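I have placed the structure first, in the form of structure tokens, so that the comments after it can refer back to it.
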Amino acid sequence: MPRTPAPAPADRKPTATSADAPAGGLTHGLKQRHLSMIALGGVIGAGLFVGSGAGIAAAGPSIVLAYAISGVLVMLVMRMLGEMSAANPASGSFSVHAERAFGPWAGFTAGWAFWFLLCVAVGLEGIGAAKIMTGWLPGTPEWAWVALFMLVFCGTNLAAVKNFGEFEFWFAALKVGAIVLFLGIGVLAIVGVLPGSDAPGTANLTGDGGFFPNGSEGLIVGLLASVFAYGGLETVTIAAAESEHPVQGVAKAVRTAMWRIALFYIGSMAVIVTLVPWGDKAVVEKGPYVATLDHLDIPAAGQIMNVVVLIALLSAMNANIYGASRMAGSLVARGQGPKALGRTFGGVPRPAVLVSSVFGFACVLLSYWRPDDVFIWLINTIGAIILVVWFFIAASQLVLRRRTEREAPEKLVVRMWGFPVLTWVALAGMAGIFFLMAREEGTRVQLYATGALTLLLAAGGYALQKKRAAVTEES
């Protein structure tokens, strides 16, 4: 198969619109196996292994329905993103697509919002990984572990992209292996053939309040928790621009990842609530996976899952530094950020890697210096950014699908199902989630903080767009 080059910035014109393909100078060091595992591993993180416990505590057995509903939404979003990314692979992914569809302000808003999300997430994951290490080695300072992890993964991302791909491939393989093993053990326990366990039947699904123990309110909380747990799958379309065969690579990775992710998430939730009473405090305190294995008297379950969670956190740190640096590099290449960040060395945007890592580490320091205000504000600000990104993806696909059908229909290697009906369904689903967030006191602050950040970025992007248009007219 001939090498498929990243598309040249054909949309670059002497106007305010300059959506490009990969930021200049990037290499094609990722193989198909890397992309496939990045697609799977990028979304399997602490949100699933640990954070899902809060959703189970709120929704009870109906958490399975919550994950199924949000799973359908994320599958639609990824199909749309896969369609656009296969047609025009770019290291800026959805930011580039938004710019092509609506102008530089949209690319600026989506891109820098996602960069901010990834950088804060790097800090959060570093803190989580450090807490596990201090649990194993009491007396060691958390900040030292965070610094060590940041140095390791900053160094990994400063090297050739294939090094990132190898790290993420093996990290993701371990996480996927742990999920598959957990599902296998769970199914054996459910049917009653696991030694030392009896088949639970439907007792935990229908007892203690039934399938909807906290009614629709509990289901809503579980739905919101599940939506944010799915975030991270977008990284594969960013990485695709640096793969050996961008078009074929992203098409295959998106197709295979979607149903596997749904199986892992929905299947895991079904196993957990079938085997463990949803009201068991250990589900939240230890995490649902550890609680399930402890419930089945699996030896050393807690430590085994702590290792898996640590790997998940480190994998997410690695992927988020990569994603943030490539997004920043793409934005700069399109004239939407400081030029120094766009320089590449050996095919790697090293200044962008360093800045993204430093910002992530600064978030960790804020958690120590101002844990009661600044850091909490950062966490609330990123709460709904993934939904903003998904909204841009769906809106962009509505515009670009019709444009591609007119101008270059041969580029539609991946096609969105039921277009445009299912695209509108996805947009309506996102609007519904925003509405639910506004209703819930616990998520209202996150919605408002994310809204304020989005409006601020949109205003900045629009001002930059007007400035560039004025300069173009003068010249």
Side-chain angles (χ1 to χ4, degrees), residues 4-13 15-26 28 30 35 77-118 233-243 246-247 249-251 253-254 322-337 341-342 344 349 352 385-386 388-404 407-408 411-414 416 457-458 460-462 464-465 468:
T4 303
D11 292 345
R12 189 179 293 279
K13 302 175 183 178
T15 65
T17 301
S18 59
D20 71 325
L26 295 182
H28 296 266
L30 295 178
L35 278 188
V77 170
M78 285 308 301
R79 186 73 181 188
M80 288 183 271
L81 184 55
E83 176 185 288
M84 294 184 291
S85 297
N88 291 289
S91 61
S93 186
F94 49 82
S95 173
V96 170
H97 307 322
E99 180 168 340
R100 286 180 171 138
F102 302 110
W105 74 268
F108 182 96
T109 305
W112 285 116
F114 193 68
W115 179 84
F116 183 77
L117 165 67
L118 294 184
L233 196 53
E234 306 81 11
T235 304
V236 68
T237 59
I238 295 175
E242 293 182 80
S243 66
V247 174
V250 72
V254 169
Y322 170 84
S325 66
R326 270 37 177 199
M327 182 60 72
S330 174
L331 287 161
V332 172
R334 289 177 275 141
Q336 298 180 356
L341 289 182
T344 59
I385 284 180
I386 195 62
V388 172
V389 169
W390 289 357
F391 197 90
F392 271 110
I393 289 171
S396 300
Q397 193 264 342
L398 273 177
V399 174
L400 295 181
R401 169 63 176 268
R402 293 189 173 96
R403 186 183 303 173
T404 305
E407 299 174 358
K411 287 187 174 183
L412 290 173
V413 179
V414 178
M416 174 59 183
L457 288 172
Y462 185 73
L464 180 61
Q465 177 177 317
R468 289 168 59 187

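Remember, predicted model here, so these are calculated numbers, not experimental data.
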By ring-ring contact (aromatic ring centres under 6.0 Å, His included), which residues pair with Trp115, not counting sequence neighbours? Trp112, Phe359

Find the distance between [atom1] ([X]) and [atom2] ([Y]) and round it off to the nearest 0.5 Å.
X      : Y      : atom1 : atom2 : answer
Lys411 : Met84  : NZ    : CE    : 14.0 Å
Trp390 : Met78  : CH2   : CE    : 9.5 Å
Glu407 : Arg402 : CD    : CZ    : 14.0 Å
Leu118 : Arg326 : CG    : CZ    : 12.5 Å

Considering non-hydrogen atoms only, spot the tightest contact between [X] and [Y] and give its length.
X      : Y      : answer
Leu464 : Gln336 : CD2-CA, 3.8 Å
Ala86  : Val413 : CB-CB, 4.4 Å
Leu331 : Ser95  : CD2-OG, 3.6 Å
Gly460 : Phe108 : C-CE2, 4.2 Å
Val96  : Ala90  : CG2-CB, 3.9 Å
Ala106 : Ala98  : CB-O, 3.7 Å

For Ser330 and Arg334, does a side-chain donor sit closer than 3.5 Å to a side-chain acceptor? yes

Would you check if the distance from the ring center of Phe114 to the ring center of Phe94 is below 6.0 Å? yes

[X] side chain near [Y] side chain, heavy-atom distance below 4.5 Å:
X      : Y      : answer
Thr109 : Tyr462 : no
Leu400 : Arg100 : yes
Ile393 : His97  : no

Counting only heavy atoms not in Phe102 (residues, nucleotides, ligands), do more than 12 fall under 6.0 Å from its CZ? yes

Test your reading of the model: is there a side-chain donor-acceptor pair from Ser325 to the backbone of Tyr322, 3.5 Å cut-off? yes

Would you list the pairs meeting side-chain hydrogen bond (donor to acceptor under 3.5 Å, both in side chains) in which at least one residue belongs to residues 392-401, sequence neighbours left out? Glu83-Gln397, Glu83-Arg401, Gln397-Thr423, Arg401-Glu405

Identify, with sequence neighbours excluded, every residue that meets side-chain hydrogen bond (donor to acceptor under 3.5 Å, both in side chains) alongside Ser93. Thr237

